[in-house]
Every structure is written in C-alpha cells, then in structure tokens.
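Letters A, B, ... are given to chains in the order of the sequence lines, protein chains preceding strands, and every chain is numbered from 1.
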Amino acid sequence: MMENKNIAKAIQSDEIVMSIKGLCKSFGSNHVLRDFSLNLFRGENIAVIGKSGSGKSVLIKCVIGLLKADKGSITVLGEDVGNLNRRQLDEMRVKVGFLFQSNALYDSMTIRENLEFPLRRHRRKDKPENVDDLVMEALSNVGLEETVDMMPSELSGGMRKRIALARTLILKPEIILYDEPTTGLDPITGREISQLMVEIQKKYNTSSIIISHDMNCVKIASNRIAMLIDGTNYATGPFDELKEFNDPKVRSFF
Amino acid sequence: MRFKGLRNILFETGDISRFAGRFFAEAFVPRYEFREFLRQSYYIGYKSLPLVALTAFIIGLVITIQSRPTLVEFGAEAWLPQMISVSLIREIAPVITALICAGKIGSGIGAELGSMKVTEQIDAMDVSGTNPYKFLVVTRVLATTLMIPVLVVFADAISLYGGYLGANIRGVVSWDLFWNQVFESVTFNDLLPSLLKTFFFGFAIGIVGCYKGFSTQKGTEGVGRSANSAVVVSSILVFIIDLIAVQIADLMGLT
Ligand SMILES: Nc1ncnc2c1ncn2[C@@H]1O[C@H](COP(=O)(O)OP(=O)(O)OP(=O)(O)O)[C@@H](O)[C@H]1O
Ligand SMILES: [Mg+2]
C-alpha cells in the first residue's frame with residue numbers, strides 16, 4: 001500500500017474523512033467482505049474496482065448504514081456508523097451523498113419532486129427556503145433543466161443517471177458514494193459523467209468513492225484505486241502504479 | 001419434505017406477524033406522514049369506488065333474483081327484502097368488497113412497493129431522511145384500514161339498491177315498503193359485527209400487500225410474484241377473519 005504521506009501530498013490534505021477498518025459482511029454462508037480496510041482523504045476520489053458480485057455495492061451500503069456490518073468499524077466524518085441512532089444517522093446522511101446503481105428515481109413523482117425529496121425530508125436546522133432555486137441549480141449542473149416537470153419514465157437511461165446524480169448532489173454533500181455512475185451509458189455520456197465528477201470534486205472539495213467497471217471513468221475521475229478481490233482490499237494505488245503491478249489478479253483488470 | 005410447505009407457511013406467518021407488530025410500534029409515534037396518508041386514502045378509497053359499486057350492485061340484484069323462487073315456494077315472498085338485506089349486510093357485501101379490494105388494492109400495493117424495493121427506491125428514501133416503513137407502510141395500512149369500512153358501507157347501500165331493483169323485476173315492491181322492511185329487519189346486532197370485521201379486513205389487506213412488497217426478491221418476476229401472493233394471502237386472511245368474526249359474534253349473542 002502507498003504511504004499515507006504520499007497520498008496526502010498528492011491531494012494536499014491529510015484529513016481522513018472516512019476510515020474503514022477490518023470490515024466483514026456475510027449473507028448466510030456467503031462471505032462477501034472479509035477484512036476490508038480503506039482510508040479516504042478530504043478532496044480525494046477513490047475508485048473501487050472488482051468483479052461483479054464481489055461486494056462493491058455491499059461495501060458502500062455498509063458505509064451509509066443501509067446494511068449493518070458484521071465486524072469491523074466504519075468512521076465517517078468522525079462518527080462511528082455502527083453506533084449511530086436513527087437521528088444521528090440521518091444527520092450523517094445529509095453530509096454523505098449516495099448515487100444508486102439503479103438510479104432509484106421515484107417513479108411516482110416528477111423530476112422536481114424527486115429532487116425536492118431530500119431537501120424537504122431531511123430534518124435540518126437550516127431548512128432551505130429557496131427550494132425551487134436549488135432544484136434548478138442542481139438540474140443545470142447536469143444540463144437537464146427542461147426535464148423538471150417530466151416523469152422519470154419519460155427519460156432515457158443516461159438522462160435518468162444524470163437526474164439521479166443531481167438528486168445526490170442537491171444537499172451539497174461532503175462525501176459522495178457513486179455506485180457505478182457510468183455503467184450502461186454510451187462512451188461519450190460516460191466520459192461526460194466522469195468529467196462532471198471531477199468538476200464536482202474540484203468545485204466543492206468533495207471526497208468520493210467511485211465504484212466502477214469502466215476503466216476510462218476510473219482513469220479520468222479517480223486519484224487512487226482500491227481493488228476489491230476476495231472480500232479484501234487487495235491492492236491500492238494510483239492508476240499508473242497499479243497498471244505496472246505484476247500480480248495476475250491485478251493485471252487482469254488493465 | 002412433506003413438511004416443508006407447512007414449515008414455510010409457519011415461517012411466513014411469523015414474518016408477517018412481526019411486520020404487523022412493527023406497525024403498532026411505528027404508527028403512533030411522530031413523525032406523522034399525514035399528506036401521504038391522505039394521498040393513499042384517495043387512491044385506495046376513491047379509486048376503488050366504481051369497481052366496488054359495480055360488483056355490489058350486481059351481487060344485490062342477483063341474490064334477490066335467485067332467492068325469490070325459494071321464498072315463493074314457501075309462500076313467503078313478502079319476506080324477500082328482510083332476507084336479502086340481512087344476508088347482504090351481514091356477510092355478502094363485506095366479504096365481496098374485501099375480496100375485490102384484496103385483488104385490486106393488495107396487488108397494487110404489492111407490485112408498487114415490490115418494484116420500489118428492487119429498484120432501490122426504498123433505500124433511497126431511507127438515505128433521504130425518511131423512514132420508509134412510516135412513509136410507505138404505515139400510511140398505506142392506515143388508509144386500507146379506514147377506507148375499506150367506508151367502501152363496505154357504500155357497498156351495503158348499493159347492493160340493497162340492486163336488491164330493490166331485483167325485487168321489482170318479477171313482483172312489485174314500492175320504494176317505501178322496501179326500505180321500511182329493510183330497516184326493520186336489519187338491527188344494530190347485524191351492523192356492528194359486520195362493520196367491525198371490515199377494519200380487520202382492511203388491516204390484513206394493507207399489511208400483507210406491504211409485507212409482500214418489502215420482501216420482494218430481485219428481478220422483475222419477483223415483483224409479479226409479490227403482487228400475486230399478496231392477493232392470495234390476503235384473500236385467505238379475509239376468509240379466516242370472517243370465520244373468526246362469525247364465531248365471536250355468535251358467542252356474544254349478536255345474532
Ligand atoms: N441484501 C442481500 N441479501 C443477501 N445477499 C446479498 C444482499 N446484497 C448483496 N448480496 C450478495 O452479496 C454479493 C455482493 O453483491 P454486490 O451487490 O455488492 O455486488 P457488486 O460487487 O456490487 O456487483 P455488481 O458489479 O454486479 O453490482 C452477491 O453475491 C449478492 O448475492
Ligand atoms: Mg453493485
């Protein structure tokens with residue numbers, strides 16, 4: 001693993017915003033994660049790559065508290081996710097955005113209502129008053145202002161992905177967990193989304209975990225790569241460094 | 001192997017009971033999702049009216065037409081309004097309405113929540129500061145529990161009207177006479193148990209639909225299976241509740 005100091009230098013920050021230590025998660029006899037560890041620094045984008053079914057989605061669902069870890073600890077912005085009550089969990093989730101693999105747009109609501117949902121539902125001390133402006137700003141970030149009164153079913157797959165991204169970003173989270181943001185998109189749209197993720201990182205100084213199979217996206221959007229193999233963090237490092245690795249399991253990805 | 005089916009039924013009964021128990025733990029503590037409850041009541045109640053009205057009308061009509069020859073045989077034709085009104089209000093209208101709703105509402109809830117589950121919409125609500133059980137389940141179960149009794153009262157009235165028309169196809173019963181006889185024969189003892197049990201029908205339909213939706217397995221066939229078994233299980237529950245209700249009413253002397 002690369003020295004923490006080096007990474008810190010690359011992204012000019014040594015503040016750890018998320019720390020996963022010895023995470024284990026099983027479903028019955030299916031041991032998905034066994035002893036997975038990873039640190040995320042402020043302002044850093046880490047790509048997590050691994051085969052289909054290797055537990056990438058499970059990993060970030062544990063981080064956001066949708067799944068409960070069997071063992072190990074997850075610390076997000078100084079809080080231990082396993083020990084939070086419902087209210088504290090909600091507070092944490094304002095600061096951590098989650099882009100779902102299947103977009104998870106609410107079918108029964110318009111795009112506007114979809115975007116308003118997190119704004120209106122989160123109990124925050126400073127409830128936003130200019131909800132309309134925030135919705136339009138989020139839509140213009142992804143270039144889809146004209147869809148505001150449409151239903152999700154009227155949009156194409158790529159448009160839905162961008163709306164889901166807008167909904168994730170509308171709370172201006174400090175940490176963003178992207179579950180396969182470019183899968184199922186054409187290469188051009190995929191590249192646009194990847195560049196968008198970099199823009200967001202620069203603009204708001206966010207940290208992200210990007211789960212992806214798409215090596216183009218990984219190359220564009222991430223500072224560092226973590227390889228999830230056999231339930232552990234098998235290798236970690238920047239794209240170019242991992243590409244030169246001599247391990248066959250690592251090589252097979254490049 | 002022979003007991004595997006039985007075991008599954010027992011496990012599922014346990015799961016549904018636990019799911020229903022959670023309803024009582026969550027329904028009466030804030031935050032209350034009042035707007036969503038109203039929206040669901042509108043969908044569940046108002047949107048089911050035409051179907052309930054049509055079936056109730058036809059059942060009232062048919063029961064009357066079919067009862068008539070038997071009564072004529074015994075020279076008891078004048079008893080027609082009494083007889084049909086008691087059987088319609090005590091048994092037929094509530095059960096038919098509940099079964100129609102198990103089909104229409106139960107499958108609707110099962111499919112809607114099922115597809116929300118497999119497309120991660122329920123998880124998305126969870127991470128957006130919303131307790132999905134409160135927002136989706138409590139509102140729907142409250143709506144079915146309160147709306148199905150309303151629909152049943154409505155069905156009672158429509159089916160009696162159907163009965164009135166039915167009685168006038170072959171014979172002549174004046175409007176006033178018909179309703180006089182109906183209100184004379186239907187007592188509080190008939191109304192109360194038949195109305196009380198409909199709350200349980202509504203609760204069962206809501207809980208089973210939501211449970212099936214929430215426990216949907218990945219994939220599109222999963223959604224179909226959930227909708228389907230929501231209908232089957234809630235229909236069976238309607239009959240079981242009906243059986244128990246009849247026994248209790250009988251024990252209490254409400255006959
Ligand atoms: N809620 C669950 N219950 C039981 N098993 C689950 C659950 N969620 C995931 N799994 C199992 O965990 C394993 C990892 O699933 P996961 O969705 O994390 O894969 P993934 O790496 O995201 O794959 P993909 O790239 O296809 O999305 C799979 O074997 C899956 O069957
Ligand atoms: Mg996944």
Side-chain angles (χ1 to χ4, degrees), chain A residues 27 53 57-58 60-68 76 81 85-109 113-125 127 152-153 157 160 163-164 167-168 170-171 173 175-177 179-180, chain B residues 11 22 25-26 29-44 47 105 108-140 143 209-210 213-220 222-223 226-227:
Chain A
F27 299 98
S57 298
V58 169
I60 55 171
K61 282 187 177 172
C62 288
V63 170
I64 196 84
L66 282 171
L67 292 172
K68 208 160 169 42
V76 176
V81 176
N85 62 27
R86 177 78 210 186
R87 164 160 265 162
Q88 293 164 323
L89 200 56
D90 281 343
E91 277 166 17
M92 177 201 95
R93 286 166 172 179
V94 174
K95 293 179 250 168
V96 182
F98 195 109
L99 178 72
F100 285 88
Q101 189 166 1
S102 52
N103 299 335
L105 295 179
Y106 307 121
D107 293 327
S108 60
M109 303 182 196
E113 289 165 332
N114 263 284
L115 293 180
E116 284 175 353
F117 196 89
L119 285 176
R120 293 195 192 281
R121 301 289 314 180
H122 267 300
R123 277 182 292 200
R124 289 189 291 169
K125 283 171 220 96
K127 276 256 177 204
S153 56
R160 261 181 271 175
I163 297 292
R167 189 179 65 183
T168 306
I170 202 163
L171 291 170
I175 300 174
I176 308 166
L177 309 172
D179 198 347
E180 308 204 2
Chain B
F11 271 127
R22 196 171 161 200
E26 303 236 15
V29 287
R31 101 210 236 195
Y32 303 112
E33 307 286 358
F34 193 66
R35 271 186 49 168
E36 185 64 15
F37 163 70
L38 287 184
R39 216 171 67 89
Q40 289 305 325
S41 297
Y42 171 78
Y43 277 114
I44 287 166
K47 295 268 174 172
I105 299 168
I109 293 177
E112 188 193 5
L113 296 191
S115 63
M116 289 185 78
K117 164 93 183 180
V118 299
T119 57
E120 302 178 300
Q121 291 174 51
I122 293 180
D123 284 344
M125 288 194 166
D126 207 334
V127 300
S128 295
T130 302
N131 177 342
Y133 193 96
K134 267 191 201 301
F135 192 81
L136 299 171
V137 178
V138 171
T139 53
R140 279 170 177 74
C210 291
F214 264 52
S215 50
T216 302
Q217 302 293 314
K218 275 254 145 93
T220 28
V223 176
S226 290

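With sequence neighbours excluded, the residues that form a side-chain contact (heavy atoms from CB on, under 4.5 Å) with Phe11(B) are Arg7(B). Evaluation of the ring-ring contact (aromatic ring centres under 6.0 Å, His included) rule for Phe214(B) yields Phe19(B) as partners, not counting sequence neighbours.
With values rounded to the nearest 0.5 angstrom, Ile176(A) atom CD1 is found 9.5 Å from Leu99(A) atom CG.
Contact count versus chain B (heavy atoms, under 4.5 Å) is highest, among Leu105(A), Val94(A), Leu119(A), Leu89(A), for Leu105(A).
Contact of the Val96(A) side chain with the Pro173(A) side chain is not registered, since no non-hydrogen atoms from C-beta on lie closer than 4.5 Å. The side-chain heavy atoms of Ile170(A) and Pro118(A), taken from C-beta on, include a pair separated by under 4.5 Å.
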What donor-acceptor contacts under 3.5 Å connect chain B and chain A, backbone and side chains included?
from: Arg31(B); atom 1: NH1; to: Arg121(A); atom 2: O; distance (Å): 3.3
from: Arg31(B); atom 1: NH2; to: Arg121(A); atom 2: O; distance (Å): 3.0
from: Glu33(B); atom 1: OE1; to: Arg121(A); atom 2: NH1; distance (Å): 3.0
from: Glu33(B); atom 1: OE1; to: Arg121(A); atom 2: NH2; distance (Å): 3.2
from: Glu33(B); atom 1: OE2; to: Arg121(A); atom 2: NH2; distance (Å): 2.6
from: Thr119(B); atom 1: O; to: Ser102(A); atom 2: OG; distance (Å): 3.1
from: Glu120(B); atom 1: OE1; to: Ser102(A); atom 2: N; distance (Å): 3.1
from: Glu120(B); atom 1: OE1; to: Ser102(A); atom 2: OG; distance (Å): 2.6
from: Glu120(B); atom 1: OE2; to: Lys61(A); atom 2: NZ; distance (Å): 2.8
from: Gln121(B); atom 1: OE1; to: Asp107(A); atom 2: N; distance (Å): 3.2
from: Gln121(B); atom 1: NE2; to: Leu105(A); atom 2: O; distance (Å): 3.4
from: Gln121(B); atom 1: NE2; to: Asp107(A); atom 2: OD2; distance (Å): 2.9
from: Ala124(B); atom 1: O; to: Tyr106(A); atom 2: OH; distance (Å): 3.4
from: Met125(B); atom 1: N; to: Tyr106(A); atom 2: OH; distance (Å): 3.3
from: Asp126(B); atom 1: O; to: Arg86(A); atom 2: NH2; distance (Å): 3.4
from: Asp126(B); atom 1: O; to: Arg93(A); atom 2: NH1; distance (Å): 2.9
from: Asp126(B); atom 1: OD1; to: Arg86(A); atom 2: NH1; distance (Å): 2.8
from: Asp126(B); atom 1: OD1; to: Arg86(A); atom 2: NH2; distance (Å): 3.1
from: Asp126(B); atom 1: OD1; to: Arg93(A); atom 2: NH1; distance (Å): 3.0
from: Val127(B); atom 1: O; to: His122(A); atom 2: NE2; distance (Å): 3.3
from: Thr130(B); atom 1: O; to: Arg86(A); atom 2: NH2; distance (Å): 3.3
from: Thr130(B); atom 1: OG1; to: Arg121(A); atom 2: NE; distance (Å): 2.9

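With a 4.5 angstrom heavy-atom cutoff, Leu171(A) does not touch chain B via any of its atoms.
Closest non-hydrogen pair, Ser226(B) versus Gly110(B), comes out as CB-O, 4.2 Å. Considering all non-hydrogen atoms of both residues, Ala143(B) and Ile44(B) come closest at CB-CD1, 3.8 Å.
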